[in-house]
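One structure below.
Quick note on labels: first sequence line is chain A, next is B, and so on, each numbered from 1. Every heavy atom of this structure was used, including side-chain atoms; hydrogens, water molecules and symmetry mates were not.
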Amino acid sequence: MSKRRFSFPYLIWMSIFIVVPLLLIIFYAFTDNSTGKIVFTLEHIKAIFEPLYLKVIGRSLFMSLIATVVCFILGYPAAMILANKDFAKKSTMLILIVLPMWMNFLLRTYSWLSLLENEGLINRFLVSIGIGQVQLMYNNFAVVLGMVYNFLPFMILPIYSVLVKIDKNVIEAAKDLGANNAKVFGRVIFPLSMPGVISGITMTFMPALSTFVISRLLSGGKITLIGNIIEQQFTITGDWGLGSALSLLLMVLIFVSMIFINKYGDESVGAGGLL
Amino acid sequence: MKKVLVILISAVIILSFAGCNDDKEVLNVYNWGEYIDMNVIDMFEEETGIKVNYNTFTTNEDMYVKLSKGRVSYDVVFPSDYMIQRMVEEDMLLKINMENIPNFAKVDDVHKNLPYDPNNEYSVPYLWGTVGILYNTKMVTDTVDSWDILWNEEYSQKIFMQDSQRDSMMVALIKLGYSQNTTDQAQIDEAMNLLIEQKPLVLGYLVDEVKDKMVQGEGALAVVWSGEAVDAINMNEDLAYVIPKEGSNRWVDGMVIPKSAKNVSAAEKFINFMLRDDIMLMNAVETGYSITSQSAIDLLDEEWKNNLAAFPTDEMLSKCSVFEYNAAATVMYNKAWTEVTAH
Amino acid sequence: MKKLLQRVYLFMILLFLYAPIIVLIVYSFNESKSRAVWQGFSLTWYQQLFSDSKILNALETTLLIALVASIIATFLGTFAALGIIKMKKKTFETVRTITYIPVLNPDIVTGVSLMMLFAFIGIELGFVSMLLAHITFCTPYVIISVLPKLYQTDISVYEAAQDLGATPFYALRKTIIPQLMPGIVTGFLLSFTLSVDDFVISYFTTGGHVENLSMIVFSMARKGVNPKINAVSTLLFITVMALLLIVNKRELSSKKRVSKNKETLLNIEK
């Protein structure tokens with residue numbers, strides 16, 4: 001049964017729709033078409049290193065890092081608590097955590113503005129208890145909040161799915177051998193949960209780094225991230241060269257982050273880890 | 001099993017193309033968002049039997065990129081003045097046969113033969129207005145008559161600017177005493193730095209949402225287009241609009257027919273239709289923007305006719321000029337604006 | 001005490017996740033357009049929703065694209081998995097890497113590169129280009145879902161079927177595919193979900209005539225979201241919530257049934 005043939009439709013599809021676009025990005029990043037002739041150029045790549053763009057790149061890295069850390073701090077305990085619940089409650093809880101993702105993410109993110117506005121619900125509450133108005137919208141806080149809000153489930157779920165599979169016997173054994181709760185966590189549970197943690201970090205950091213919607217919706221045009229600059233090149237300025245160069249940079253950044261993250265884990269960021 | 005699979009797949013593919021076949025004549029229109037009374041579209045379809053596909057864009061640049069690189073085809077598009085000039089220079093528009101647009105005669109002369117289309121060969125004005133400062137009289141204690149107030153620290157984080165390259169640069173350039181159409185790199189840089197200086201005071205760079213925000217009292221001052229001001233003031237009486245004494249921008253959005261249009265005769269019918277008094281009235285009421293024909297303006301209520309924000313005096317208008325397009329300058333403006341927003 | 005703390009913590013997390021959704025739903029019933037001031041309960045936006053052709057068209061587009069793309073991706077991906085598993089190591093790894101690209105790539109890069117592809121080939125941006133884009137980013141997820149199941153499949157059943165006289169294709173259909181079903185279904189659902197919620201890729205690969213729900217929300221976000229969108233989202237949300245709860249209930253009760261049956265059987269044996 002030569003089933004290899006079955007994959008041919010997909011292989012063709014893959015070449016056209018995955019490989020070629022990637023080649024096009026590389027092509028546009030390294031060529032200049034403005035004079036009508038196609039000329040090899042490093043101008044676009046050099047442009048990335050201008051202080052303006054470096055600032056944007058730095059800002060994106062910084063904010064996604066913070067968002068990832070916050071997601072981890074909030075998400076790990078949640079995953080642990082969830083993993084320890086009995087079965088019936090577990091699946092209901094899981095559904096409750098997954099359900100928000102079914103609501104359009106633009107709308108969910110945008111709805112935060114109602115809560116964050118100066119006359120919004122949160123500020124009205126703060127005023128009523130005497131703290132006074134705090135600037136919560138159209139600033140760094142709002143954007144990081146947006147990132148954490150959108151990606152928290154992606155941190156909780158992978159960690160949960162790994163924690164739940166940990167053999168209770170191993171934990172029992174450690175306790176039998178005299179380890180206290182802290183040691184059990186530090187020496188047994190946490191290391192065993194690593195694949196999930198890695199999945200979680202990957203699925204939070206990467207989209208956070210490349211987002212343009214969150215900064216667009218929540219920063220009032222004041223915070224520009226890599227994604228925004230790329231989007232501008234393709235929708236406003238028409239500078240495909242710069243846009244492609246930045247896209248390439250983004251891909252490289254993500255690729256490097258993944259290698260870095262994986263140094264601390266195994267091959268689980270694949271079929272098993274993602275699902 | 002194989003047969004079932006094949007039938008299923010073909011059915012699915014056919015279904016997905018089902019919506020694309022229509023025997024009716026079709027007109028594809030591309031306009032700004034919320035810039036028309038949709039009933040007008042229904043009326044047009046009823047009177048002519050032509051089906052209208054109506055789509056919207058949020059900025060001229062969005063529209064331009066979609067049209068020039070995206071391989072989409074529209075029959076009537078509503079770009080702004082400088083964009084029309086650009087599209088003419090880049091050979092993207094068809095000359096309009098004015099004989100098929102008899103209603104063009106109704107358009108007031110003050111809106112004809114403007115620098116961006118000197119002989120009105122490519123465009124027909126649709127709506128127009130000015131750019132000015134919308135402010136909350138309860139929240140602003142100083143007199144508002146100059147662009148300077150937008151740099152006043154007293155109103156820090158209560159100021160809204162336009163998320164629009166040209167409009168924001170215009171404010172800075174005019175404040176510095178330069179032309180809003182300057183092609184001088186040094187002047188552009190100066191304007192850019194002025195805007196960067198202002199950034200800490202700015203609550204947000206918004207487009208249409210600014211209207212709601214001002215009505216709700218989130219901000220004290222905002223740079224807006226006159227039509228938005230008219231609407232906002234209607235919803236919140238504490239608001240007022242002024243064209244700063246240093247001068248400002250005056251804009252016209254026009255109707256054009258791109259070269260890629262598939263149905264030119266329907267396009268001309270549509271443009272002519274839009275210039276009818278009753279249609280102009282409907283659009284004015286729905287959008288709050290200013291129409292171009294005195295005969296239609298006369299149909300508005302007294303308060304509106306005399307509203308200086310909607311219909312400024314000739315003296316006020318004389319301080320305002322239209323945007324022009326210059327390819328080299330555009331690159332400079334792009335760069336400057338990116339610096340401001342990414343700062 | 002520990003239990004209480006844990007419960008409170010989970011509750012806070014859920015509150016955080018649901019806060020904007022609650023706001024959204026509540027304001028879909030707000031009399032006025034304002035997002036900050038409550039002016040009375042009203043179903044007006046729900047009524048207006050059904051006569052807003054733009055939103056209804058977008059909803060139709062969203063669901064149609066999701067359905068068609070998921071179906072095609074499922075077929076494409078399942079057969080791809082069947083073929084991939086037979087590949088030699090080197091080819092396998094290359095194909096796997098390429099398959100992972102749409103998954104790992106930021107969607108802005110996927111969207112932008114596909115837009116350039118369509119311009120390059122000369123395909124006009126519209127429904128078809130959006131569909132092709134959705135199929136492209138959905139198929140890898142199907143493959144990722146099906147492959148692990150394929151590894152776990154028992155080939156002997158397939159061979160036995162053939163020994164009993166079945167044609168290879170019949171044997172495939174009756175012995176292998178059923179074993180793969182959980183993976184296929186997961187892949188399909190994953191594709192559908194991703195497609196329905198997609199914004200970025202659709203944004204770059206569609207023509208002005210064709211918009212999905214996310215795109216309408218995005219363009220509305222710049223001028224103040226019309227509560228009709230709140231209404232349509234609330235309806236979608238309630239539908240999905242109901243579906244998920246029903247499916248969950250059935251799973252729970254079927255598990256109960258299975259264990260009850262086991263009990264009964266054990267009792268009979270006694």
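- Along residues 181-199 of chain B, the residues that come nearer than 4.5 angstrom to chain A, judged on non-hydrogen atoms, are B:K199 in order of number.
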Exercise. Passes side chain to side chain contact (heavy atoms under 4.5 Å, CB included), A:E117 versus B:Q216? Steps please.
Worked result: CA-CA 10 Å; A:E117 278 172 345; B:Q216 280 169 22; 3.5 Å; yes
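- Your options are B:T338, B:T330, B:N60, and the one with the most heavy-atom pairs under 4.5 Å with chain A is B:T338.
- Using non-hydrogen atoms only and a strict 4.5 Å limit, the part of residues 42-63 of chain A facing chain B consists of A:E50, A:L52, A:Y53, A:K55, A:V56, A:R59.
- Closest heavy-atom contact between B:V202 and A:K222: O-NZ, 2.8 Å.
- Side-chain contact between A:Q135 and B:L203 is present, with at least one heavy-atom pair separated by less than 4.5 Å.
- In this structure, chain B has no heavy atom under 4.5 Å from any part of A:L225.
- You'll find the side chain of B:K213 stays beyond 4.5 Å of the side chain of A:N118, heavy atoms only.
- In this structure, A:Y138 OH and B:F160 CZ are separated by 6.0 Å, a value rounded to the nearest 0.5 Å.
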Problem set entry | Test log, rule side chain to side chain contact (heavy atoms under 4.5 Å, CB included), inputs A:T235 and B:F57 | CA-CA 11 Å; A:T235 59; B:F57 56 85; over 6 Å; no
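- Between B:A342 and A:I229 the shortest heavy-atom distance is CB-CD1, 4.4 Å.
- Within 6.0 Å of the CZ atom in B:F323, the count of heavy atoms belonging to other residues, nucleotides or ligands exceeds 12.
- With values rounded to the nearest 0.5 angstrom, A:N139 atom CG is found 8.0 Å from B:Q157 atom CD.
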